[in-house]
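Accompanying notes for the structure given below.
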Amino acid sequence: ALLWSVFAKDGQALPTFDALEKGIEPLIPAELRRTSAYLTHPVFNSHHSETGMLRYIRALSDKDLALDRSMIPLGSCTMKLNATSEMIPITWPEFANVHPFAPAEQLQGYQLLDEQLRAWLCQATGYAGISLQPNAGSQGEYAGLLAIKAFHASRGEAHRNICLIPSSAHGTNPASAQMAGLQVVVTQCDENGNVDMADLQAQCEKHSANLACVMITYPSTHGVFETTVKELCALVHSHGGRVYVDGANMNALVGVAAPGEFGGDVSHLNLHKTFCIPHGGGGPGVGPVCVVADLVPFLPGHRTGAEPAGVCGTPEEQDTFRVGAVSAAPLGNAAVLPISWMYIRMMGADGLKHATEAAILAANYISKRLAPHYPTLYASANGHVAHECILDLRGLKETSGVMAEDVAKRLMDYGFHAPTLSFPVANTLMVEPTESETLEELDRFIAAMIAIREEVRRVEKGEWPQDDNPLKNAPHTADSLMKADWPHPYARDVGAASASTRAHAKYWPPVGRIDNVYGDRNLFCSCVPVGEPD
Ligand SMILES: *Cc1c(COP(=O)(O)O)cnc(C)c1O
């Protein structure tokens with residue numbers, strides 16, 4: 001009765017069983033009750049038995065080309081293994097069912113987790129303070145740039161509003177700078193993809209009085225350790241600017257080098273890249289922002305008073321909320337933090353270093369083994385890449401008409417998820433194997449890439465026309481291969497790549513080639529047409 005009185009209208013009596021049978025008057029006011037139909041698509045009302053539902057889900061997963069079939073060699077976004085042991089704790093109600101604004105005394109576990117995780121991440125990055133509040137890498141950038149702005153303003157230099165960004169930067173860098181109210185000036189890269197130091201110096205001199213910061217990515221978005229990074233930081237500092245090091249590529253650094261030690265002032269991490277939180281499908285992200293000592297007071301704060309400390313500093317430092325909150329909840333996406341905690345705790349310092357070394361080794365292994373077939377576009381002077389490599393396919397257009405997209409689609413016939421296509425350079429493939437794939441799987445991927453290159457050679461020799469070959473027609477559905485009519489100049493089993501795929505484990509692409517550009521420009525809805533009778 002007490003519970004009822006909390007939710008009931010004034011004077012509304014606790015219904016008797018009889019009344020319940022007849023149906024009680026809903027508490028939702030009539031004008032707010034929904035009258036329109038909803039979830040009318042057949043998918044929501046066609047599967048009525050457990051096995052029916054099971055078969056529907058199985059049919060969907062059969063269409064998918066995911067980690068349960070092959071490595072996902074996507075570059076630039078570190079699709080790292082999300083180990084089951086790391087994921088289990090987020091299912092525990094003690095972590096999963098805590099409200100973000102629960103009173104502090106109910107959040108003691110989260111406070112400890114937050115404290116330990118921040119201390120470990122400070123150690124890994126070489127910074128003095130860190131906030132776990134930002135919900136994405138880009139939000140970490142935003143918070144970091146706000147810290148830089150607030151720092152300049154606190155010294156009477158609020159006019160410093162120029163943010164230098166090399167042309168190789170990830171798109172979120174200029175976007176965040178714009179949002180933070182900074183003015184972006186793009187600096188050049190040389191033909192090796194490195195920051196053009198002469199141009200950077202010229203821009204620093206030109207904007208010296210108003211220089212707020214430079215934003216670089218290390219290792220670069222081109223997958224290379226730039227050897228001039230220390231000079232770059234010193235140069236920017238000499239003009240009164242701060243250095244933002246985009247830490248999304250920390251998979252190549254953890255345990256080996258720390259941005260806070262080679263000259264960076266601010267970085268964000270992507271826990272959903274480097275620290276194992278799954279990020280397929282756009283979330284959930286955690287983009288901690290890390291800073292050197294004099295920027296600690298400008299880390300994001302929160303007005304709840306109940307929040308765990310946002311910084312590793314003294315209580316006075318923690319008390320200065322000059323930048324304010326960058327996300328609604330004081331601890332951001334706290335519910336997924338146990339994943340990164342588990343990863344670091346289980347790996348230990350030695351394990352993390354080993355992972356970095358293995359990730360770099362795997363990328364260099366792929367780059368070297370594929371070099372006779374697909375040259376790597378950018379490398380340091382010693383010929384090495386960092387944690388990923390950009391395979392240059394641009395020459396194939398001239399000799400065979402084959403584009404990087406054709407190779408990406410052909411990989412599906414071979415049972416592989418495609419690498420990153422045409423980013424950051426058009427008509428290239430960017431591969432990041434990470435440390436989590438075995439040598440056997442790397443070799444299987446390399447063998448598929450080489451077999452595809454052999455197919456390109458047959459086109460180059462004129463054995464197959466440029467517009468009708470296994471690459472241009474990829475991916476091949478089972479239907480298309482089994483039709484009575486087979487008009488192509490290559491055999492069906494060549495189309496299926498059956499000689500190169502594992503027996504009993506052939507992946508059948510559910511649809512043939514899609515015209516991406518047409519699809520992007522002509523949106524259509526896959527819902528049941530509006531006019532269709534129910
Ligand atoms: C992924 C990435 C970002 C942005 O991170 P989000 O979580 O997607 O906002 C920024 N910079 C680089 C280099 C990245 O790879």
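Order of listing sets the numbers, starting from 1, for every ligand and every atom in it.
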Quiz item: Non-hydrogen atoms of S76 versus ligand 1: any pair closer than 4.0 Å?
Solution: yes
Exercise. Kindly state whether the ring of F416 and the ring of Y507 have centres lying under 6.0 angstrom apart.
Key: no
Practice problem: For S138, take its heavy atoms, then give the atoms of ligand 1 lying under 4.0 Å from any of them. | Solution: 4 (C), 5 (O), 6 (P), 9 (O)
Exercise. Taking atom 8 (O) of ligand 1 as the reference point, report whether a protein heavy atom occurs under 4.0 Å from it.
Key: no
Quiz item: Is N249 in polar range of ligand 1, meaning some N or O pair under 3.5 Å apart?
Solution: no
Quiz item: Do the side-chain N and O atoms of H417 and S70 include a donor-acceptor pair separated by under 3.5 angstrom?
Solution: no
Quiz item: Where do F262 and Y218 land on the ring-ring contact (aromatic ring centres under 6.0 Å, His included) test, with the steps shown first?
Solution: CA-CA 11 Å; F262 59 66; Y218 187 84; 4.9 Å; yes
Practice problem: Record the part of A248 in heavy-atom contact with ligand 1 below 4.0 Å; permitted values are side chain, backbone, both and neither. | Solution: side chain
Quiz prompt | Which residue and heavy atom of the protein sit nearest atom 6 (P) of ligand 1, plus the separation | solution = G137 N, 3.5 Å
Quiz item: Considering only the protein, which heavy-atom contact is closest to atom 15 (O) of ligand 1, and what is its distance?
Solution: K273 NZ, 2.7 Å
Practice problem: Say whether H272, considering both its backbone and side-chain N or O atoms, lies within less than 3.5 Å of an N or O atom on ligand 1. | Solution: yes
Exercise. Working to the nearest 0.5 Å, report the span between CD1 of I277 and OG of S340.
Key: 3.5 Å
Quiz item: Mind checking whether Q139 has a heavy atom under 4.0 Å from ligand 1?
Solution: no
Quiz item: Do E432 and T78 get their side chains close enough for a donor-acceptor pair, meaning under 3.5 Å?
Solution: yes
Practice problem: Taking only heavy atoms of E141 into account, list the atoms of ligand 1 that are under 4.0 Å away from them. | Solution: 10 (C), 11 (N)
Quiz item: Distance only, no hydrogens: is a donor on one side chain within 3.5 Å (strictly under) of an acceptor on the other, for S367 and T376?
Solution: yes
Quiz item: So, N210 and N161: side-chain donor and acceptor under 3.5 Å apart, yes or no?
Solution: no
Quiz item: For V245 and S267, which heavy atoms make the closest approach, and how far apart are they?
Solution: O-OG, 2.8 Å
Quiz item: Counting heavy atoms not belonging to E405, are there more than 12 under 6.0 Å from its CD?
Solution: yes
Quiz item: Who's the nearest protein heavy-atom neighbour of atom 11 (N) of ligand 1, and how far?
Solution: D246 OD2, 2.5 Å
Quiz item: Quick one: which ligand 1 atoms are inside 4.0 Å of a heavy atom on A136?
Solution: 7 (O), 9 (O)
Quiz item: So which heavy atom in the protein is nearest atom 5 (O) of ligand 1, and how far is it from that ligand atom?
Solution: N270 ND2, 3.0 Å
Self-check item: Location of contacts on H279 toward ligand 1, heavy atoms closer than 4.0 Å
Solution: neither
Quiz prompt | atom 4 (C) of ligand 1 [closest protein heavy-atom partner, distance rounded to 0.1 Å] | solution = T172 OG1, 3.8 Å
Practice problem: Indicate the atoms forming the closest heavy-atom contact of P166 with I216, along with that distance. | Solution: CG-CG2, 4.1 Å
